[in-house]
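The first residue of the sequence shown is numbered 1, and numbering continues consecutively from there.
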Amino acid sequence: MGKMLKRSEVPVESTWNLDDLFVSQEDYLAGLQSVESQAAKLTRFKGRFAEGAHVLLECLKEQEALDEHIGKVRAYATLRQSEDGTNPVNLANTAKAGDVFSRIQSSLSFIDSQLLELEDGVLESYIAEEAGLAPFARSLKLLMDTKPHRLSPETEGVLASLGELQSSPYRIYLRSKLSDMTFDDIQVREQTLPVSFRLYENSYEVSEDAELRRKSFASFSKSLHGSRHTIAEAYATEVKKQVVLSRLRGYDSVTDMLLKPQQVTMEMYNNIHDTLLTELAPPMRKLMKLKKRVLGLDQMQFCDLKAPMDPDFNPSITYEEACTTISEALSILGPEYGEIVTSSFSQRWVDYADNIGKSTGAFCASVYGLHSYILMAWADNMRNAFTLAHEVGHAGHLMLAARYQTITNARPSLYFIEAPSTMNELLLADHLMAKSEDNRMRRWIMLQLLSTYYHNYVTHLLEAEMQRRVYRHAMADEPITADRLSELKGEVLSDFWGDALDLDDDAKLTWMRQPHYYMGLYPYTYAAGLTASTAVAQLIKEEGQPAVDRWLNVLKEGGNLSPLELMAMAG
């Protein structure tokens, strides 16, 4: 394994093609200027909604067109920064976009405020009178539901103008993690190996080599420890912001405020946590004790949790082979879905290079009116194939929703967002199992599938439980410091793993690794989504095509239905 490459040194075929967004820096800057001009035209509707339904319809349609244009500009800036956070042009683009979007958000905050100021019954009469408003009925109702928590129009305008500042904790976290943090090389027998966020999380953490896992974790943790106070301050600022906003808006808690746009009750939220954390812990402890015995480990350290159970059997898979296998596995979802899958691979919608400054983890960004982009780093292992199938699940879902719904209704609740992605992992596992008659291979596939449940039901749910405790802590006005965050994370890990894990101080720094903490109540939705996809995958096995057809119809609904309505529709 050689040195980390700069972005300019990676093969172009392993990168995404952003020309579909903007063909050059100059084109992007022109697009940024254009959205601001487009937004300025919308201000002519200020104070005019009482004139009639036709005025409101004209405004909402223009706002949709603006949102679509903004989506492309925002995506370009975000994706460029994600591919290389060390490039000053990329950083400047993101900063410029943030400033423009804050100004737009502030200047157009009057739209929601004026809608909420309409006399009772007026909005309902407009919808009944003007057929063109029907596609907006659902979003308008959700807006009206927030009325008890809205502030004055002037205050809402001020808060909107601070949008760029309000997102600064996440940007500070990313800068510290991707641009400033460096890691010591490690010596494993005769080899000197580099360490980075991506190398550790994509390769070393799941390596069969215990020495490599533990030495890389020590190097990784050393750098985390050196940045813990900066990242703790960034996270504390994010949490305090949410606490202040929840109190300003009169919510009982931050959690109540963040669940509102998800259309999720506190009971649904707590049920996911309490059920899985209680009922999953005993079998997971049993599994790790078995892994410790099978691998002959002296102790089960945190960095050993993801070690392969069968270290001598780990078939590699190239990116091209994975694309073929995933396409075959997802063919059950029909030709329209299949076309999205093959286009993702053939038209360079996926960025799988590994370079300095690239964002960690994996994500899918779907641009309404265009297509999706997927970011990951490829490491020639089957876990990566499952990750790719997962992200393609987001692409297939959101692109189908965009084809059948307006931009206003295309994006579903976060509670459901991970169901289509985890479904693809289950379908991939079924496909691989059906192709193999070798018992060792079948066991290996089952272990890969188990990794899907580990990732969503353990990694992300323990993340979510940490978040649940931090918000309780913050609502009690207790300080959030690096030491307190490590203490809380240690308690979460200890409560779940019990005596199956030898917990050390480095494991308690895991709170520093997760960008999800800056994305509202996102971590628990992985478990919610996998719960739904597991149930639907079983229905597909039992019913065949009827269950597949229902699932495809669910994907096409996008955000047109609540998460529980989507699940009921899926059966």
Side-chain angles (χ1 to χ4, degrees), residues 177 183-184 186 195 197 200-201 204-229 231-232 235 273-274 276-309 311 450-451 453-473 478-514 516-517 523-524 526-527:
K177 174 179 173 179
F183 303 85
D184 292 341
I186 55 173
V195 178
F197 249 98
Y200 179 72
E201 294 187 339
Y204 299 160
E205 188 175 29
V206 295
S207 170
E208 68 279 2
D209 187 333
E211 183 182 358
L212 173 58
R213 285 197 310 273
R214 293 179 177 186
K215 284 188 173 180
S216 62
F217 186 60
S219 170
F220 185 71
S221 300
K222 178 183 175 183
S223 291
L224 290 182
H225 189 268
S227 299
R228 70 193 187 283
H229 294 299
I231 292 181
Y235 184 33
H273 287 79
D274 297 338
L276 290 175
L277 291 172
T278 301
E279 297 186 21
L280 187 65
M284 288 307 302
R285 290 173 190 169
K286 185 177 179 181
L287 174 66
M288 291 309 160
K289 288 177 180 178
L290 173 64
K291 181 177 286 191
K292 177 183 176 183
R293 177 168 62 82
V294 169
L295 298 182
L297 298 174
D298 55 335
Q299 56 180 190
M300 177 58 71
Q301 298 181 12
F302 183 79
C303 58
D304 296 321
L305 290 173
K306 294 184 179 180
M309 188 78 91
L450 186 57
S451 294
Y453 285 91
Y454 183 99
H455 185 69
N456 294 282
Y457 277 170
V458 180
T459 299
H460 284 314
L461 196 64
L462 294 189
E463 214 182 285
E465 178 59 18
M466 170 73 175
Q467 190 177 41
R468 186 163 68 155
R469 297 185 190 193
V470 167
Y471 278 131
R472 287 173 182 165
H473 190 76
E478 296 179 26
I480 298 172
T481 64
D483 289 343
R484 185 63 180 126
L485 288 169
S486 292
E487 183 182 342
L488 285 171
K489 189 61 183 181
E491 291 169 0
V492 169
L493 292 170
S494 179
D495 289 348
F496 186 81
W497 290 114
D499 63 354
L501 178 68
D502 290 287
L503 188 65
D504 58 24
D505 287 340
D506 286 349
K508 297 175 184 178
L509 295 173
T510 309
W511 60 269
M512 297 178 64
R513 294 168 59 177
Q514 303 300 344
H516 296 132
Y517 292 142
Y524 87 102
Y526 285 88

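Contact check on D209 versus K215 returns no salt bridge, with no Lys/Arg side-chain nitrogen under 4.0 Å from an Asp/Glu carboxylate oxygen. Electrostatic pairing of D298 and R214 counts as a salt bridge here, judged by a charged N lying under 4.0 Å from a carboxylate O. A salt bridge links R513 with E201: the closest approach of a Lys/Arg side-chain nitrogen to an acidic carboxylate oxygen falls below 4.0 angstrom.
Annotation for T278 and D274: closest pair OG1-O, 2.8 Å, computed over non-hydrogen atoms. The two atoms that bring P308 and L295 nearest to each other are O-CD2, 3.5 Å, heavy atoms only.
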Given L485 and M512, is the side-chain contact (heavy atoms from CB on, under 4.5 Å) satisfied, shown in steps? CA-CA 9 Å; L485 288 169; M512 297 178 64; over 6 Å; no

Yes or no on side-chain contact (heavy atoms from CB on, under 4.5 Å) for N456 and L461, after CA distance, side-chain angles and deciding distance? CA-CA 7 Å; N456 294 282; L461 196 64; over 6 Å; no

Check step by step if side-chain contact (heavy atoms from CB on, under 4.5 Å) holds for H273 and Y524. CA-CA 7 Å; H273 287 79; Y524 87 102; 3.5 Å; yes

Could you give me the CA-CA distance, side-chain angles and deciding distance for S219 and Y204, then say whether side-chain contact (heavy atoms from CB on, under 4.5 Å) is met? CA-CA 11 Å; S219 170; Y204 299 160; over 6 Å; no

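With hydrogens and angles left out, the side-chain atoms of Y526 and H516 include a donor and acceptor closer than 3.5 Å.
No donor-acceptor pair closer than 3.5 Å links the side chain of H229 to the backbone N or O of A482. Using a distance-only test at 3.5 Å, with no hydrogens or angles considered, a donor-acceptor pair links the side chain of R213 to the main chain of S207. D504 places a side-chain N or O within donor-acceptor distance of the main-chain N or O of A507, the cut-off being under 3.5 Å.
Atoms CE and OG, from M309 and S451 in turn, are 10.0 Å apart once rounded to the nearest 0.5 Å. Annotation: the span from T481 atom OG1 to Y235 atom OH amounts to 12.5 Å, rounded to 0.5 Å. Here W511 contributes atom CH2 and K489 contributes atom NZ; the two are 11.5 Å apart, rounded to the nearest 0.5 Å. Between atom NZ of residue K222 and atom CG of residue L509 there is a gap of 14.0 Å, rounded to the nearest 0.5 Å. The CD atom of Q514 sits 10.5 Å away from the CD atom of Q467 when rounded to the nearest 0.5 Å. Taking SG from C303 and CD from E205, the interatomic distance works out to 8.5 Å, rounded to the nearest 0.5 Å.
With a 4.5 Å cut-off on side-chain heavy atoms, M284 and W497 count as touching. The shortest side-chain heavy-atom distance between R484 and I480 does not fall under the 4.5 Å cut-off. The shortest distance between side-chain heavy atoms of L287 and Y454 does not fall below 4.5 Å. Looking at heavy atoms from C-beta onward, R468 lies out of side-chain contact with V492 at the 4.5 angstrom threshold. The shortest side-chain heavy-atom distance between E463 and Y517 falls under the 4.5 Å cut-off. With contacts defined as side-chain heavy-atom distances shorter than 4.5 Å, the pair D184/V195 does not qualify. Contact check for S221 versus F302: no side-chain heavy atoms found under the 4.5 Å cut-off. Considering only heavy atoms from C-beta on, L501 comes within 4.5 Å of L305 through its side chain.
Aromatic ring centres of Y457 and Y453: separated by under 6.0 Å.
Residue pairs meeting the salt bridge (charged side-chain N to carboxylate O under 4.0 Å, His left out) criterion with at least one member in residues 282-293, sequence neighbours excluded: K289-D499.
Taking F183 as the reference, F197, F220 meet the ring pair (Phe, Tyr, Trp, His ring centres under 6.0 Å) condition, with sequence neighbours excluded. In this structure R469 satisfies the salt bridge (Lys or Arg N to Asp or Glu O under 4.0 Å) test together with E465, D495, sequence neighbours excluded.
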